[in-house]
Amino acid sequence: MRIRLVATTAAAAGALAALTAVPAHAAEYNSALKIRGIQYDAPGSDSNRCSTGNTDEEYLTIKNYSRSTTVNLKGYVVKDATGNKFTFTAGHTLQPGDYVKLRGGNGTDSDANNVVYRDNCNFMWNNDKDTIYVYKPSGSRADVHSYTKSGSDKDGNGYITYHG
């Protein structure tokens with residue numbers, strides 16, 4: 001009897017450890033919108049000067065992975081681990097399979113060019129590590145991913161792909 005109890009306890013502990021070992025960024029959310037990838041480190045030396053900087057070279061690609069549902073981004077929120085955030089205040093429609101690049105800096109938003117600018121010249125993503133959150137207008141989480149420069153960016157180019 002003691003052997004069976006010990007084996008059962010060990011199996012339960014192993015199952016619990018396996019469940020808790022899954023990192024938060026591996027969770028899958030029931031959402032058509034997911035983070036396709038991130039250019040977290042803009043090429044060249046970082047400069048957040050609005051007129052000559054390169055914050056527009058830092059971007060997050062969000063894709064509509066639905067096969068049939070069109071998604072309006074109005075009200076969606078993108079955040080990082082420290083609370084920097086961007087809210088899509090204007091309607092930007094993503095057809096099934098379509099994507100948008102959320103860029104730093106200033107520019108003209110365009111459905112045709114699949115781009116929305118944060119109208120903020122400060123960098124949003126850290127060059128060493130960060131966590132990216134996407135929230136639906138309802139407040140529920142649509143997607144989340146964490147990265148580290150040394151662990152996630154194997155080729156060192158400052159870009160990470162999450163969902164192909």
Side-chain angles (χ1 to χ4, degrees), residues 23-66 69-164:
H25 60 80
E28 285 296 323
Y29 295 93
N30 185 16
S31 174
L33 287 185
K34 295 200 181 293
I35 300 166
R36 183 170 187 254
I38 183 171
Q39 180 73 47
Y40 68 91
D41 188 2
S45 297
D46 286 352
S47 171
N48 61 356
R49 299 184 104 150
C50 284
S51 59
T52 60
N54 62 342
T55 56
D56 63 335
E57 295 300 316
E58 182 182 87
Y59 61 87
L60 177 69
T61 305
I62 300 172
K63 183 175 178 181
N64 179 356
Y65 284 90
S66 171
T69 303
T70 299
V71 178
N72 186 337
L73 292 175
K74 187 174 184 173
Y76 274 81
V77 175
V78 175
K79 284 184 171 182
D80 76 345
T82 61
N84 293 311
K85 77 177 190 174
F86 173 82
T87 302
F88 288 91
T89 57
H92 187 88
T93 304
L94 295 181
Q95 302 297 324
D98 203 3
Y99 67 91
V100 65
K101 285 186 178 178
L102 175 60
R103 291 188 175 275
N106 297 311
T108 303
D109 296 351
S110 170
D111 279 336
N113 293 324
N114 296 329
V115 65
V116 171
Y117 288 87
R118 291 190 303 111
D119 293 327
N120 184 325
C121 296
N122 291 318
F123 289 96
M124 185 164 182
W125 312 112
N126 294 330
N127 289 351
D128 59 343
K129 63 181 177 178
D130 213 333
T131 302
I132 310 153
Y133 303 91
V134 178
Y135 292 95
K136 299 176 184 181
S138 66
S140 64
R141 193 174 287 170
D143 203 9
V144 62
H145 289 280
S146 295
Y147 66 85
T148 62
K149 183 174 187 165
S150 61
S152 306
D153 188 5
K154 299 299 183 197
D155 60 6
N157 68 354
Y159 186 83
I160 301 168
T161 299
Y162 294 110
H163 300 279

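All of these numbers come straight from a predicted model, not from anything done at the bench. These numbers come from the heavy atoms of this one structure, side chains and all, not from hydrogens, waters or symmetry mates.
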So, do Val144 and Thr131 sit near enough that their side-chain heavy atoms are less than 4.5 Å apart? yes
Which of parallel (below 30°), tilted (30 to 60°) and perpendicular (above 60°) describes Tyr162 and His145? parallel
Checking the side chain of Asp109 only, and the main-chain atoms of Tyr117 only, is there a donor and an acceptor separated by less than 3.5 Å? yes
Rounded to the nearest 0.5 Å, what separation is found between the NZ atom of Lys101 and the OG1 atom of Thr61? 5.0 Å
Heavy atoms, side chains only, cut-off 4.5 Å: are Cys50 and Asn106 in contact? yes
Yes or no on side chain to side chain donor-acceptor pair (under 3.5 Å) for Asp153 and Tyr40, after CA distance, side-chain angles and deciding distance? CA-CA 10 Å; Asp153 188 5; Tyr40 68 91; 2.7 Å; yes
For Tyr147 against Asn126, the heavy-atom pair lying closest together: OH-O, 2.5 Å
Met124 side chain near Arg118 side chain, heavy-atom distance below 4.5 Å: yes
Show your reasoning for whether side-chain contact (heavy atoms from CB on, under 4.5 Å) applies to Tyr59 and Val115. CA-CA 10 Å; Tyr59 61 87; Val115 65; over 6 Å; no
Output for pair (Ile38 CD1, Ile132 CD1), nearest 0.5 Å, gives 3.5 Å
Interatomic distance, CD@Glu58 vs CG@Leu102, rounded to 0.5 Å, equals 9.5 Å
Can you confirm whether Thr70 sits close enough to Pro96 that some side-chain heavy atom of one is under 4.5 Å from a side-chain heavy atom of the other? yes
Taking the side chain as every heavy atom from C-beta outward, state whether Asn114 and Tyr99 have any atom pair closer than 4.5 Å. yes
Side chains of Tyr76 and Ile62, heavy atoms from C-beta outward: is any pair under 4.5 Å? no
Given 3.5 Å as the limit, does a donor-acceptor pair link the side chain of Glu57 with the main chain of Gly104, or not? no
Taking everything shown except Lys129 itself, do over 12 heavy atoms lie less than 6.0 Å from its NZ? no
Between the side chain of Asn54 and the main-chain N/O of Pro43, is any donor-acceptor distance below 3.5 Å? yes
Return the OG to CZ distance between Ser47 and Phe123, rounded to the nearest 0.5 Å. 6.5 Å
Side chains of Asp41 and Asp46: closer than 4.5 Å at any heavy-atom pair? yes
Looking at NZ of Lys149 and CD1 of Ile160, how far apart are the two atoms once the value is rounded to the nearest 0.5 Å? 10.5 Å
For Ala32 and Val71, which heavy atoms make the closest approach, and how far apart are they? CB-CG2, 4.2 Å
Ser152 to Ser146 - nearest heavy-atom pair and separation: OG-O, 4.3 Å
Does the pair Ser110 and Thr108 meet the rule for a side chain to side chain donor-acceptor pair (under 3.5 Å), with working shown? CA-CA 6 Å; Ser110 170; Thr108 303; over 6 Å; no
Using the six-membered ring of Tyr65, assess whether NZ or CZ of Lys34 lies under 6.0 Å from its centre and within 45 degrees of the ring axis. no
Aromatic ring pairing Tyr135/Tyr133, orientation class (parallel under 30°, perpendicular over 60°, tilted between): parallel
Do any N or O atoms from the side chain of Asp143 and from the backbone of Ile35 form a donor-acceptor pair under 3.5 angstrom? yes
Output yes when a side-chain donor or acceptor of Asn64 lies under 3.5 Å from a complementary backbone atom of Thr69, and no otherwise. yes
Only one of Val78, Val100, Thr93 passes side-chain contact (heavy atoms from CB on, under 4.5 Å) with Leu73; say which it is. Val100
Would you say Asn120 and Asn84 make side-chain contact, with heavy atoms under 4.5 Å? no
